[in-house]
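Heads up: numbering here begins at 1 and tracks the sequence.
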Amino acid sequence: MRILVTGGAGFIGSHVVDAAVARGWEVRILDSLDPAVHPDPPQGLPGVPLLVGDVGDPAAVAAALAGVDVVVHQSAKVGLGVDFSDAPDYIRNNDLATAVLLAGMAAAGIDKLVLASSMVVYGEGAYTDSAGKPVRPRPRLVEDLVHGIFDPRDPATGELLLPTLVTEDAALDPRNVYAASKLAQENLASAWARSTGGTAIALRYHNVYGPRMPKNTPYAGVASLFRSALARGEAVKVFEDGGQRRSFVHVADVAEANLCSIDALASGRAVAPGSFRAYNIGAAEVHTVGQVAAVLSSVGGGPDPVVTGEFRLGDVRHITASSARARAELGWIPEHGFEDGMHEFATAPLRGEPS
C-alpha cells in the first residue's frame, strides 16, 4: 500500500504516518512546514520521504501523488482562530487546497481518499426534551448565560434540554469559518467521488488530544491550552461551569481510525464506488471540560482549576459522538481510556518541546 499523507508532519498526521509505517505500508508526506505551525523541525519521521510544499500548489501536489494508491488528507488550518480576519486563510488552506488536491487525484487516476473532517460541522450537538423527544435547540440566550444558565432551551417550551449523542445523520450547522471550511471540504470530496467514481471517507474527529499537540496558540484544542497554562505555572481557567460535555479521543485511536478507513477503501467495504461516507471518531466515554482540567492539574502538580463562569457567544455547550457507525462499518474501536490517556498527556511533550 502506497499512501500520501498531507500534513503528515503535524499533530494527527504524524501519528497516522507512524501507524501506517508500523503496518508496513509505504508512506510519503506532503507538508508546507509553515513556521507558524512548525516552529521547530518535525520529529519522529525517520525513513519517510517528506516533500516540503503547499497542498494548494498543483505542481507540489502532482509530484507528491506520483505512484500513490490512497490519499489521507490531514492538512488544514484548524481551530477557531483569532477573528473573522482569519477567514481568507481558512478558505485558502482548507478549501482551495482540497480542490487542488482532488483535481490532482483526478488527473492521476487516484480513486481513494480519507479526509480529516471535524465535529464542528454539527454546530451544537444532539438534545432531547425531558420526555426523550429529539429537539433542535435555539441559540443560547445572553440573559441565560449571564445568570449561569448554560444549557440550551427548547424553542417551543423554554424547557432546558438534555444532551445526547450526535449521529452522522444529524443536521449540519457550521457556526464559524473553520466549521464552514470543513463542511466545504466534505462537499468537495463528495462531488469528486461522484464525478470520478472514486471513494471518499470523511472522519469527523471529536476532541483529539495526545502527544505532539501544538503549544498554546489561538488554533490549539482545549486540552493543549490547559497544558500550556499549567506549564506557565498558572491555574487552568475553565469557562462557563466546566460542565461542557465532549468526546475526548486519543490521537493514537484517531490514527487507527485512518488505517481502518484505508482498509475499508482498499477492500471495497463500507463505501461504494462514486460515493462518500462520513464517520464520527470520538471516544466511547463522555467527559466534561471541567474533568479534563481537574485531571491535568492534579497529575501535572499545578494549582486547582478556576471555574470562571465566563462565556463566549457562539460556543457549543455539548457535543458528544456516537461512533457506532465507525465500529460497525470500519471495525474501529478506541482503545485508550480517559484516565490513562489524560495521565499520559499530562506529561507528554507538546509540539516543539523535547521528548
Go through it in stages, so that I can follow the logic: the residues are Tyr178 and Ser118, the test is side-chain contact (heavy atoms from CB on, under 4.5 Å), and I'd like the CA-CA distance, side-chain angles, deciding distance and then a yes or no.
CA-CA 10 Å; Tyr178 172 57; Ser118 171; 3.9 Å; yes

Can Asp34 and Lys77 be said to form a salt bridge (Lys or Arg N to Asp or Glu O under 4.0 Å), step by step?
CA-CA 11 Å; Asp34 182 346; Lys77 186 181 181 76; over 6 Å; no

Could you walk me through whether Val299 and Met342 satisfy the side-chain contact (heavy atoms from CB on, under 4.5 Å) test, starting with their C-alpha distance in whole Å, then the side-chain angles of each, then the deciding distance to 0.1 Å, before giving a yes or no?
CA-CA 9 Å; Val299 176; Met342 284 293 169; over 6 Å; no

Criterion side-chain contact (heavy atoms from CB on, under 4.5 Å) on Leu50 and Leu33, from CA distance to verdict:
CA-CA 10 Å; Leu50 169 60; Leu33 298 185; 4.1 Å; yes

Is there a side-chain contact (heavy atoms from CB on, under 4.5 Å) between Val316 and Ile319 once you walk through the steps?
CA-CA 7 Å; Val316 171; Ile319 180 162; 4.0 Å; yes

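For the pair Ser261/Val114, a side-chain contact is recorded, criterion being any heavy-atom separation below 4.5 Å from C-beta on. For the pair Arg28 and Val48, the minimum side-chain heavy-atom distance is 4.5 Å or more. The side-chain heavy atoms of Arg212 and His15, taken from C-beta on, include a pair separated by under 4.5 Å. Residues Arg92 and Asp54 have side chains in contact (heavy-atom distance under 4.5 Å, counting atoms from C-beta outward). Residues Trp25 and Arg2 form no side-chain contact, since every pair of their non-hydrogen atoms from C-beta on lies 4.5 Å or further apart. A heavy-atom distance below 4.5 Å is found between the side chains of Val238 and Val289. Side-chain contact between Val70 and Met1: present, with at least one pair of heavy atoms (C-beta onward) separated by less than 4.5 Å. In this structure, Val55 and Leu30 have side chains that are in contact, with non-hydrogen atoms separated by less than 4.5 Å.
At distances below 3.5 Å, at least one donor-acceptor pair connects side-chain atoms of Tyr127 with backbone N or O atoms of His318. Side chain of Ser298 to main chain of Val295: no donor-acceptor pair is present (N/O by atom type, distance under 3.5 Å, no hydrogens or angles). Although no hydrogens or angles enter the test, the distance criterion places a donor-acceptor pair under 3.5 Å between the side chain of Tyr90 and the main chain of Val78. Ser195 places no side-chain N or O within 3.5 Å of a backbone atom of Ala191 that could act as its donor or acceptor partner. Between the side chain of Gln244 and the backbone N or O of Gly242 there is at least one donor-acceptor pair closer than 3.5 Å. With hydrogens and angles disregarded, a donor-acceptor distance shorter than 3.5 Å links the side chain of Arg269 to the backbone of Glu329. A donor-acceptor contact shorter than 3.5 Å is absent between the side chain of Ser181 and the backbone of Asn94. Remark: the backbone N or O of Ser75 is paired with a side-chain donor or acceptor of Thr6 at under 3.5 angstrom. Remark: side-chain polar atoms of Arg325 are paired, donor with acceptor, to backbone N or O of Ala278 under 3.5 angstrom. With hydrogens and angles ignored, the 3.5 Å screen pairs no side-chain donor or acceptor of Glu285 with any backbone N or O of Ser247.
Transitive grouping of hydrophobic side chains (ILVMFWY, heavy atoms separated by less than 4.5 Å) brings Phe150 and Val146 into a common cluster. Following chains of ILVMFWY side-chain contacts shorter than 4.5 Å, one can reach Val72 starting from Val249, so the two form part of one hydrophobic cluster. Clustering ILVMFWY residues whenever any of their side-chain heavy atoms sit less than 4.5 angstrom apart, transitively, puts Val17 in the very cluster that holds Ile3. The hydrophobic cluster containing Val222 also contains Phe11, counting ILVMFWY residues as joined when their side-chain heavy atoms lie under 4.5 angstrom apart, directly or transitively. Both Leu296 and Val236 are assigned to one and the same hydrophobic cluster, defined by single-linkage of ILVMFWY side chains at heavy-atom distances under 4.5 Å.
Here Lys237 does not pair with Glu310 in a salt bridge; the nearest charged N to carboxylate O distance is not below 4.0 Å. Checked for salt-bridge contact, Arg245 and Asp151 miss the test: no charged N lies under 4.0 Å from a carboxylate O. Of the charged side-chain nitrogens involved, none lies within less than 4.0 Å of a carboxylate oxygen, so that Glu168 and Arg277 do not count as a salt-bridged pair. With salt bridges taken as basic N to acidic carboxylate O contacts below 4.0 Å, none links Lys182 and Asp95. Between Asp263 and Arg23 there is a salt bridge, with a side-chain nitrogen of the basic residue lying less than 4.0 Å from a carboxylate oxygen of the acidic one.
Within the model, atoms CG of Asn280 and CH2 of Trp332 stand 9.0 Å from one another, a figure rounded to the nearest 0.5 Å. In this structure, the separation between CD1 on Ile201 and OG1 on Thr199 is 7.0 Å, given to the nearest 0.5 Å. Note that CG of Leu265 is 8.0 Å distant from CG of Leu113, once rounded to the nearest 0.5 Å. Within the model, atoms CG of Leu230 and CG of Leu225 stand 11.0 Å from one another, a figure rounded to the nearest 0.5 Å. The CE atom of Met213 lies 9.0 Å from the OG atom of Ser228; values are rounded to the nearest 0.5 Å. In this structure, CG on Leu165 lies 4.5 Å from OG1 on Thr320, to the nearest 0.5 angstrom.
Between Phe338 and His287, the ring centre distance stays below 6.0 Å.
Counting only residues at least two apart or in different chains, salt bridge (charged side-chain N to carboxylate O under 4.0 Å, His left out) contacts with residues 110-139 comprise Arg136-Asp173.
Of all heavy-atom pairs between Pro305 and Ser297, the closest is CG-OG, 3.6 Å. Across Ser130 and Leu162, no two heavy atoms sit closer than the pair CA-CD1, 4.1 Å. Closest approach of Leu330 to Ala270, counting heavy atoms only: CD2-CB, 4.4 Å. Across all non-hydrogen atoms, the minimal contact from Asp69 to Ile110 is O-CG2, 3.7 Å. Here the closest heavy-atom approach between residue Ala64 and residue Leu51 is recorded as CA-CD1, 3.5 Å. Counting all heavy atoms, side chain and backbone alike, Asp315 lies closest to Arg140 at O-NH2, 3.0 Å.
When the ring pair (Phe, Tyr, Trp, His ring centres under 6.0 Å) test is applied to His250, the partners found at least two apart in sequence or on another chain are Tyr209, His336.
Between the side chains of Ser190 and Arg194, at least one donor N or O sits under 3.5 Å from an acceptor N or O. Under the 3.5 Å distance criterion, with hydrogens and angles disregarded, no donor-acceptor pair is assigned to the side chains of Arg204 and Ser117.
Under a cutoff of 6.0 Å and an axis angle of 45°, Arg227 and Phe345 form a cation-pi pair.
A 6.0 Å sphere centred on CD of Glu344 holds more than 12 heavy atoms belonging to other residues, nucleotides or ligands.
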